Amino acid sequence: MVVEESRSRSEWKQKFRTLADEVMAPHVRRYDEERAFPVAIHERAAAEGILNAAFPEELGGAGLSYTEFGQVIGELSAVCPGMTWTLVFNRGALHPVVAAGTPEQKELFVTRLLKDNGYAALGLTEPENGSNLLAATTRAVATDSGWLLNGGKCMSGNGTVADVFIVLANTVMDNRKRGLSFFAVPRDAPGVTVSEDIEKAAFRCLPTPSVTFRDVALEPISLIGRAGDGEMLLNELLATIRIGGAACGTGIVAAMLKDALTWVGERRVYPDDRMDTLSHVQLTLGRLYVELCAARKLLDEATALADQGLPFGKESSMAKYYATELAVRASNEILQLYGWRGIAADHGVEKRWRDARALTIFEGSSEIQLLNVFREMRRMATSEGGL
C-alpha cells in the first residue's frame, strides 16, 4: 500500500513537472507581454486532471497534502509565478467553503465548480483599507429573503474569469453589527460589476480587477459558516494562502540560482577568467543557496503542521516573509551578475525580479507578516515554554 501511494505521488509530481517544462515554459514571455490569462495552459492542466489537484478527493480534487501542494507551487513558480497563481488560486479562494461550508454549499460552490473547470476569486482587499482587512466597509445586511450586499473590492485574483466571488463583509442583522462573515457571490448576480484587469509591474498574466457589489440580493445559502465567524475563517485562509506565497518565493530563487550557475560558468569577464572562478561570485551564490535551504525548512515546518491539523499561522507568516524577502534579494544580486543582460527580456531575469518584488506585497505584506510573528513571539515569551 505504501509503495502504491508513493508511486501515485511520484506520478503526480511528474505531471506537474511536465506541465511546467513542456507546456508553460515556452509561453512565459508571451503571456507576460500580452498580459493575457493563460487559457491554453489551463486547458492542458484540466485535460491532465491536475487543475484542481489540491482539493480533497471527495470534493473533486486529488487530495494533495499541504506539503505536496507547496512543492508543486515551487516547481511551477520556477517557470512562471503568474501562471502558477492562476492555476492554484481556486484552492485559496474556496478555502472558507472547504473549511466551514455545509455539504450543500460544498457541492454547489466547490464540487460543481471544479467539475466545470470554473474559477473562484477572493474579495478581501478594499481600495482604502490596504492591509487592514478587518476594517472592511463592504456590508451584508440580513433581509427576509437572505442578504443584501453593498461595497467594493480590488486586486481580486482571477477575478475577470471568476464564476463566484468569496467576499468578506461586515454583517448586519436586526440593525446590529455581527462582525465579519464570508459570502459566496455568483458573478452573474444582478448588481455585480467586474472591471477590466489593471496593468501592473508583475504577475501580469494573473488578472486582478476591481469588483463592485450594488444591492446584490443573496440567498441564505450564500453565507459561509455562521454570521460573525469571518475573522476566524480569514485567519485560516491567510495562513493557507501564505504557504503558496512562500513556495512561490522558493521557486523563484531556485530557478534564478540554476540559471545563474549556467551563466557564470559560460561568461568570461576577461579572456581567461570565467565568472564562476571569481570569489565574490562564488560567495554570493553560495550564500543565496544557504538562504534558500533555510526558506525551504521554514516552509516544510509550516506545511507539516498544516498536514497534522495543527495551528500553522505563525509558521506560514515566517515562511512567507523569509522566502519572499529572499526572492527580492536574490533577484537583485543575480540580476547584477548579468549586467545589462539582466534588465533585457531575453534572459528572463528581469521578469523574476519584478515578480519577486510583488510577492512581498501580495497575500499580506512583509510588514504584516512581521507583526503576526511579533504578536506570537510576545505571547510565547510570557508562556511556560518561553522563546
Side-chain angles (χ1 to χ4, degrees), residues 5-6 8-9 12-13 16 50 52-77 81 84-85 87-101 106 110 114 120 122 124 133 157 166 168 182 224-225 229-251 254 292-324 326 359 362-364 366 368-373 375-377 379-380 385:
E5 185 173 342
S6 177
S8 174
R9 292 312 182 197
W12 275 108
K13 289 180 182 179
F16 280 107
I50 60 178
N52 292 294
F55 283 90
E57 292 183 28
E58 63 270 21
L59 297 180
L64 295 188
S65 67
Y66 281 95
T67 298
E68 291 165 331
F69 192 42
Q71 292 169 350
V72 163
I73 292 175
E75 186 128 7
L76 298 182
S77 295
T84 300
W85 279 27
L87 289 164
V88 304
F89 222 96
N90 270 356
R91 183 60 184 90
L94 289 169
H95 179 79
V97 185
V98 174
K106 291 177 181 179
V110 180
L114 302 192
L122 280 171
L124 300 180
L133 301 180
I166 307 301
L168 183 68
F182 276 99
I224 307 302
D229 281 353
E231 185 173 349
M232 177 190 67
L233 285 175
L234 176 63
N235 289 333
E236 293 178 6
L237 165 63
L238 293 175
T240 299
I241 63 178
R242 284 166 183 166
I243 282 177
C248 186
T250 62
L292 171 61
C293 291
R296 284 172 168 166
K297 290 290 185 182
L298 287 171
L299 176 59
D300 288 346
E301 183 177 358
T303 56
L305 289 171
D307 284 332
Q308 296 173 60
L310 299 173
F312 61 99
K314 179 196 70 174
E315 288 74 16
S316 67
S317 279
M318 291 171 64
K320 201 268 184 183
Y321 169 79
Y322 192 83
T324 57
L326 171 60
L359 274 179
F362 285 167
E363 297 177 337
S366 291
I368 291 296
Q369 307 315 317
L370 290 179
L371 288 174
N372 292 341
V373 173
R375 283 191 288 266
E376 185 62 17
M377 177 186 69
R379 185 193 67 78
M380 292 173 63

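Just so you know, these numbers come straight off a predicted model, no measurement behind them. Just the heavy atoms: all of them, side chains too, but no hydrogens, waters or symmetry mates, feed the values below.
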Query raised in the report: L237 and L233: side-chain contact (heavy atoms from CB on, under 4.5 Å), yes or no, with the steps?
Result: CA-CA 6 Å; L237 165 63; L233 285 175; over 6 Å; no
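- The structure places NZ of K297 at 13.5 Å from OH of Y322, a figure rounded to the nearest 0.5 Å.
- A donor-acceptor pair is defined here as one N or O able to donate and one able to accept, closer than 3.5 Å; such a pair exists between the side chain of D307 and the backbone of Y66.
- Closest non-hydrogen pair, S366 versus T324, comes out as OG-OG1, 4.2 Å.
- Considering every non-hydrogen atom in both A295 and L326, the closest pair reads CB-CD2, 4.2 Å.
- Here the options are L298, L305, I243, the test is side-chain contact (heavy atoms from CB on, under 4.5 Å), and the partner is E315; only L305 passes.
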Requested in this report: For the pair N372 and R242, evaluate side-chain contact (heavy atoms from CB on, under 4.5 Å) and give the outcome as yes or no after the intermediate values.
Outcome: CA-CA 12 Å; N372 292 341; R242 284 166 183 166; 3.1 Å; yes
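- Side-chain N or O atoms of T250 include one that pairs as donor or acceptor with a backbone N or O of A247 at under 3.5 Å.
- Across A239 and F312, no two heavy atoms sit closer than the pair O-CE1, 3.4 Å.
- Heavy-atom minimum distance, N90 versus A120: OD1-N, 2.8 Å.
- The backbone N or O of G364 lies less than 3.5 Å from a partner atom in the side chain of Q369, making a donor-acceptor pair.
- Contact between P81 and S77 at its shortest, heavy atoms only, is CD-O, 3.4 Å.
- Counting heavy atoms from C-beta outward, R379 and E376 have side chains that approach closer than 4.5 Å.
- Taking CH2 of W85 as the reference point, atom CD1 of I73 lies at 9.0 Å (rounded to 0.5 Å).
- A donor-acceptor contact shorter than 3.5 Å is absent between the side chain of E363 and the backbone of L359.
- Atom NZ in K106 sits 7.5 Å away from atom CD in E58 (nearest 0.5 Å).
- The CG atom of L114 sits 7.0 Å away from atom CG of L94, with the distance rounded to the nearest 0.5 Å.
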**Report entry** Full working for side-chain contact (heavy atoms from CB on, under 4.5 Å) between R91 and V98
**Finding:** CA-CA 9 Å; R91 183 60 184 90; V98 174; 4.2 Å; yes
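- In this structure the side chain of K314 reaches within 4.5 angstrom of the side chain of M380, judged on heavy atoms.
- The shortest side-chain heavy-atom distance between F16 and L87 does not fall under the 4.5 Å cut-off.
- Here the straight-line distance linking atom NZ of K13 with atom CD of E68 works out to 6.5 Å at 0.5 Å rounding.
- Of all heavy-atom pairs between S317 and V373, the closest is CB-CG2, 4.2 Å.
- Rounding to the nearest 0.5 Å gives a distance of 10.0 Å between OG of S316 and CG of N235.
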Query raised in the report: Do F69 and T303 pass the side-chain contact (heavy atoms from CB on, under 4.5 Å) test, and can you show the C-alpha distance, the side-chain angles, and the key distance before you say yes or no?
Result: CA-CA 9 Å; F69 192 42; T303 56; over 6 Å; no
